[in-house]
Each structure stands twice: as C-alpha cells, then as structure tokens.
2 protein chains.
Amino acid sequence: MSSAITRVQVQYFEALLKAGSFATAAHTLHISQPALTMQIQRLEALVGGALVNRASRPVQATPLAQKLLPHLLEVLRRFEDLEDAIADQQEHLKGHLHIATIPTIAPYLLPTILPKLVDAHPDIQMDIEELPTEQLLEAILQERVDVGIMALPISHSLQHLDILPLWTERLRVYHLEGACQSALTLDALKKWPTYLLAQGHCLRDQVLGLCDPAVSAQRQGMHYQSGSLETLMRLVDHQGGITIIPDMARNQLSQVHQTTKTSAITSELAQRQIVMVYKQTLQKKRLLEALRLGTLSYLSPHA
Amino acid sequence: MSSAITRVQVQYFEALLKAGSFATAAHTLHISQPALTMQIQRLEALVGGALVNRASRPVQATPLAQKLLPHLLEVLRRFEDLEDAIADQQEHLKGHLHIATIPTIAPYLLPTILPKLVDAHPDIQMDIEELPTEQLLEAILQERVDVGIMALPISHSLQHLDILPLWTERLRVYHLEGACQSALTLDALKKWPTYLLAQGHCLRDQVLGLCDPAVSAQRQGMHYQSGSLETLMRLVDHQGGITIIPDMARNQLSQVHQTTKTSAITSELAQRQIVMVYKQTLQKKRLLEALRLGTLSYLSPHA
DNA sequence: TCTTTATATAAGTTTTTGTTATTATGAGCA
DNA sequence: TGCTCATAATAACAAAAACTTATATAAAGA
C-alpha cells in the first residue's frame, strides 16, 4: 500500500513556495536542505508530477501545483483550526493572535492597550499589522489575519465574517484655536475647506459624506491627501481650514486643545462604530475575548 | 519543540470511534492494537486531555473529544479533497465514488448502467447505497456520500449543493389490463383509489399532489403503504385500483403491458426530473462526468 | 473469586526521517 | 563554448518514530 500525503510534506511545500529556494526554506524549517528535498520528492511522487520548477529562481510552482495549492493550503489551515480549538479548551490562555487595525485606529488604540494585554497574558504572542479596511477584510478571509479592529460602516461584503461591536465614537471638527463655535451643524461644516485622508481610508469616505466634496479636496491649488490624521491636524495648524477627527485622535490632545481646537458636529452621521471583525470559522474564541476585554479597557483606562 | 498533530493520529482516532474498541479498530487499520494505543495516547498528550473513555463499551468520546471532533474530521475530509483533486488531474480515471440513489430510482437505473460503468472504468471503485431524499442530502452534506441520483422537485435546502440535470421522465398510471383509457386527465385520476409509497419517498409526495388524498391512502379498510413500486404494482394486479409509476418502472414491463396496463397523465405535473446532486466542494469532477455519461446511457442503451 | 475480555506496558525490530559530505546540474558570463 | 557560482540531488550513515510480539493489568460477568 502506497503511503499517503502527510502534514509535514504539505507544510514543507508551503515553506518552499514562500521561501523561493530549497536552501532557505530548509533553513526556516530548521532542517537540512536534503531533508526538504526528500520530502518534496516524496510529495511529488504521491501527486504524480512535478510541483516546482527548480530551474527558475525563485523556484516556481508548476501548473499542477497551482491547481492543487488551494487544497494543500486548506489542509494546513484546518490543522491550525484544530490546534486553535484545542488551545481554546485549555484554561491557560496561550497561542498566537494576528491582529490588524486600520490606520485611523492603530496609533491611538494599540499603544494604549497592548502593554496591558501582553502583561495580562504573557503566553499570547500578538502580531500587529496596519491595513486599510479592504485589504484587512481580504486578509481575514484568507486567514492571514485572525481579527481586525476597524470602523463601521463597511461597504465590503461581510460574508463569512462575524462583527463584534466595541463602542461608538463621535467625529469632531479640528480647527485653529477658537476658529469655530463649540458645535457645528452639517450646513456650517460644508462652508469650511476640509483636509481629507488619502483614498482607501474608510474615514475619508465617511467624511466625504459630511462635507462638501467640492470644497473638501482642494484649497488654494493645494491638493494634499495624507495617510495620517496627525499630518492633517498639523496642516490645519499651519494652513487653517479644518479636518475631521474621531474621538480617539481628540483624546490625544491636551485638555485645553480638546475644547479650543475641536468642535462637535450636530449630526447622527458624525460617528463611527469601532468593531472587531473575524472569520466565522475562527477558533480562538478565548483569545478573542481577551482582546475584546483588553480593548474595552481603552474606555476606562483606570480599571 | 513539541511535535504536532499528524494525519495518521486523526485517522486512527476516527477509526477508533467508528469501531468502538481499540482491538477491532487496530484490526481494520491493519496494525497491532498496541500501535493504535500509542498513537491515541500521543494524540491525547497533544490535545492535553483524554479523548476516549476506555471504561465504557463501546469506548466513548469524552466531552473534549466531542468538541474537537468536527475539527478532527474536517482535517481528514480536506486531505481527501486534496487527494481527490490529485486523482482528478491524472488522465487515467481511478478512485472511489460513493453513489446513492433514492429507492424509486435504484432498482431500475443502477442494474442497467453499473455494469457498463465498471467495464469502462475498471479502476473506479463504486459504492452504492439506497437512501430516501432527505437522508441522502444530509449524507452528501456530511461528505459520507459523494453524489446522489434523485428526482426533482426537492423540498430540502440546496445550500452548498450542485444540481446536474440528467433527464425528465413522465409519471404514468398503472392499472389492471384495459381498465383505463390510454390517457387520463387529473380529474379522471382523482376518481381512482391509489396505492401510495410509504412516507419519506419523494415520489409519494409528488403523487399526493396529483391524486385525491382522501381516495388515495385508504381503500376497503386497507392502508398499505409500500417502500417499493413493484409491491404497489402487484397490489394493483390483485386488488384493482391504480398506482403511479415513473417511466423507469414502466420500461421494465413487457411491451404489451406497457400499453395495456399503463396510461399517460395529461398534466405537466406528471413528470419528474432525474438529477445528480453533489456538494459544491466535491473534487471528483472527472469521476462525476464518467458517472453522468454512464447514466445517460440509460436513455440510449445500444450506444 | 475466578474467568473473560479488553487495554496498557515493555522490549526489541523495522521504517522513516533526518544529518553530513559529496556530486550533479544549470544559469550567468567571459 | 566552456568556466564559475549557486543551488539542488544523491549517498551513506545516524537518530527518531512507529510498529511488532509478548506480557501485564484492569474491569466486567459467571
């Protein structure tokens, strides 16, 4: 009886494709290059054809390999699910959690909560990544990222995803000291030239719904779109005009500036809901719960 | 570094649960009982808890095992998908195809086409099973059965399933010789006492839509519901009345009886579509195609 | 209590997987 | 074309793993 495909063979093959050469793949796997060669050869024998073209550099998956790759990866992902489910049964929290957040949340939330989380759960290894909403959701669906911390509304399809609401925060106007009254209507808002985030930021799209796009994008021939709220605020400081920031960013300001440089917006639209998003099949429920609790500590820093 | 869960461990565990004892499971796996014991112990060590209660007979999955079982089985099913996909790439057709049909198709279709199929593809191992529609669909969803040959309409949800139409056949009246004219309207049909298949047969439900239920079920204090069309026809032969049979069953009759003992029904409702049903994720596309071609040979037996 | 029946353990063998040393191959370039 | 460098394949051997038979141990029924 010819033996069957094993997990290691598939793992090695994935590593080989990722590394691009036998030698470096073997190195990352902490085995010798011949050992890797043998397992790949065995896998190829079982598959009944070549899987990598050794001639090209980096080594390339053959057409056969490309057809089988989804199934090969599926096997590995399901093994990982199994092991996640096992870890989820243990009382001691441990494991790996790959977290990603959108750029308008990352700089405010993560530095605050991560130290506490790492402290509370020393055996959870957390990987952090910053991605725009669209790419983040794709990464979750491809199981490259476990959980995303992001903001509703989301235009992307939510199939296969679970949404866990964290809290809602208001959007506010950031302006020169005393330049606006303490609360603006949407109509009043539309009169101001507004600095926008670069395309792909979900907050940009939301802000565009609040402001007059004609006024927003350009001012005095300048068309500056930044990827960070900090930059936009510095722009306002030097050039005047306004930008829209969420509470998270406002909380970073000094007590005085929070009142003199920001104003409320009197509209239900001027808020966003912070949520956790993860694939429905994700098994790390206890890690997720730990993250949720840690995240909520942002609201009550002294608890 | 502690080693990881392997495929064989999970395979052995599945076999253990299926067999109910270490000794018999080891026997079906063609290994010794201590070998099985060792692998299960290793798996339990990796999982961090007992998986089977050895005291009870048959051995029972612990609560922990029950929680993990879906993930364990998922791993095995995805390995099988991988291997199916591999077999699907080879030019020579081989593999395992688990076919199931409903009872009103099985006795007419399979004996006709199976010999041809087995002849044409000697390396395809076919397992046949007979199941009512509901259970058949569940078996397909659980991946216990690869493909079902059944009849539309289906009331069950078709989520995750693909439907491949084969052909449409008419339903006809079976009666005593010369007892009816050659074609009956639905109204004429409702006047006859009709023998019905037992509950759970999809043809029964369809027939109930054609006949008068009040007349159908009971006659002369008799309430006979059979699981086979053959029995119903013998009942008609001895007791009079009618029953509804599909073309498949009619084709089994002698040329003479096909005209003297059966009548057409002048209604668009008096037909059913024969289809192949399989899970969307099924990889054995070429085996499926072979089955489809073989099945269609039922229509043109001399081809 | 004594069988009976089943799983666990022990000791030794085979198979598999891995290592190091060496050879073969193929791409890039004079 | 032939040389050189980088990289993978092969050979020979070592370590680890998985399996075997024989035996011990535990639980259930007579």
Side-chain angles (χ1 to χ4, degrees), chain A residues 1-65 72 75-76 79 83, chain B residues 1-65 72 75-76 79 83:
Chain A
M1 187 148 182
S2 71
S3 74
I5 297 172
T6 67
R7 180 183 186 178
V8 272
Q9 285 160 10
V10 184
Q11 285 177 318
Y12 286 11
F13 181 64
E14 185 189 35
L16 172 58
L17 289 189
K18 203 176 281 179
S21 92
F22 281 71
T24 62
H27 186 254
T28 63
L29 290 167
H30 305 296
I31 58 170
S32 66
Q33 169 260 312
L36 176 62
T37 292
M38 289 166 76
Q39 291 298 347
I40 298 296
Q41 283 176 338
R42 176 177 288 264
L43 182 60
E44 287 180 321
L46 291 168
V47 165
L51 289 174
V52 287
N53 176 6
R54 277 98 162 150
S56 72
R57 210 152 310 286
V59 294
Q60 233 180 349
T62 62
L64 175 62
L72 291 161
V75 165
L76 296 182
F79 261 116
E83 284 162 343
Chain B
M1 189 147 183
S2 70
S3 74
I5 297 173
T6 67
R7 180 183 186 178
V8 271
Q9 286 160 9
V10 185
Q11 285 177 317
Y12 285 10
F13 182 64
E14 186 189 34
L16 172 59
L17 288 190
K18 203 175 281 180
S21 92
F22 281 71
T24 62
H27 185 255
T28 65
L29 290 167
H30 306 295
I31 57 169
S32 66
Q33 169 261 312
L36 177 61
T37 292
M38 289 166 76
Q39 289 299 346
I40 297 296
Q41 283 175 339
R42 175 177 286 265
L43 182 60
E44 287 179 322
L46 290 168
V47 165
L51 289 173
V52 288
N53 175 5
R54 278 97 162 151
S56 72
R57 210 153 310 287
V59 294
Q60 238 182 344
T62 62
L64 175 61
L72 292 161
V75 165
L76 296 183
F79 262 116
E83 284 162 343

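Scope of the values below: all heavy atoms of this structure, side chains included, with no hydrogens, waters or symmetry mates. Sequence lines set the chain letters: A, B, ... in the order given, protein chains first and strands last, and positions in each chain run from 1.
- In this entry the distance linking CZ of A:Phe22 with P of C:dT23 reads 21 Å, nearest Å.
- Partners of A:Val75 under the side-chain contact (heavy atoms from CB on, under 4.5 Å) rule, at least two apart in sequence or in another chain, are A:Phe79, B:Arg78, B:Phe79, B:Leu82.
- Residue A:Ser21 places its side chain closer to D:dA8 than to any other of D:dA8, C:dT7, D:dA18.
- Using a 4.0 Å cut-off on heavy atoms, the residues of residues 26-42 of chain A that approach DNA chain D are A:Gln33, A:Pro34, A:Thr37, A:Gln41, listed by number.
- One side chain, B:Gln33 or B:Thr37, offers a donor N or O that lies under 3.5 Å from an acceptor on the other.
- As rounded to whole Å, 13 Å separates atom P of C:dT17 from atom CD1 of A:Ile5.
- Remark: B:Thr62 pairs with B:Ala50, B:Leu64, B:Ala65 by the side-chain contact (heavy atoms from CB on, under 4.5 Å) rule, at least two apart or across chains.
- Considering every non-hydrogen atom in both B:Leu43 and B:Phe13, the closest pair reads CD2-CB, 3.8 Å.
- A:Arg54 has no side-chain polar atom (N or O) that falls below the 4.0 Å cut-off from OP1 or OP2 of C:dT25.
- Protein atom CG of B:Asn53 is 14 Å distant from nucleotide atom C1' of D:dA26, rounded to whole Å.
- Between the CD atom of A:Gln9 and the P atom of C:dT16 there is a distance of 12 Å, given to the nearest Å.
- Under the 3.5 Å distance criterion, the side-chain polar atoms of B:Arg7 are matched with a main-chain donor or acceptor of A:Ile5.
- For the residue pair B:Leu36 and B:Ala25, the shortest heavy atom distance occurs at CD2-CB, 3.7 Å.
- One atom, CG of B:Leu43, and another, P of D:dA18, lie 12 Å apart when rounded to the nearest Å.
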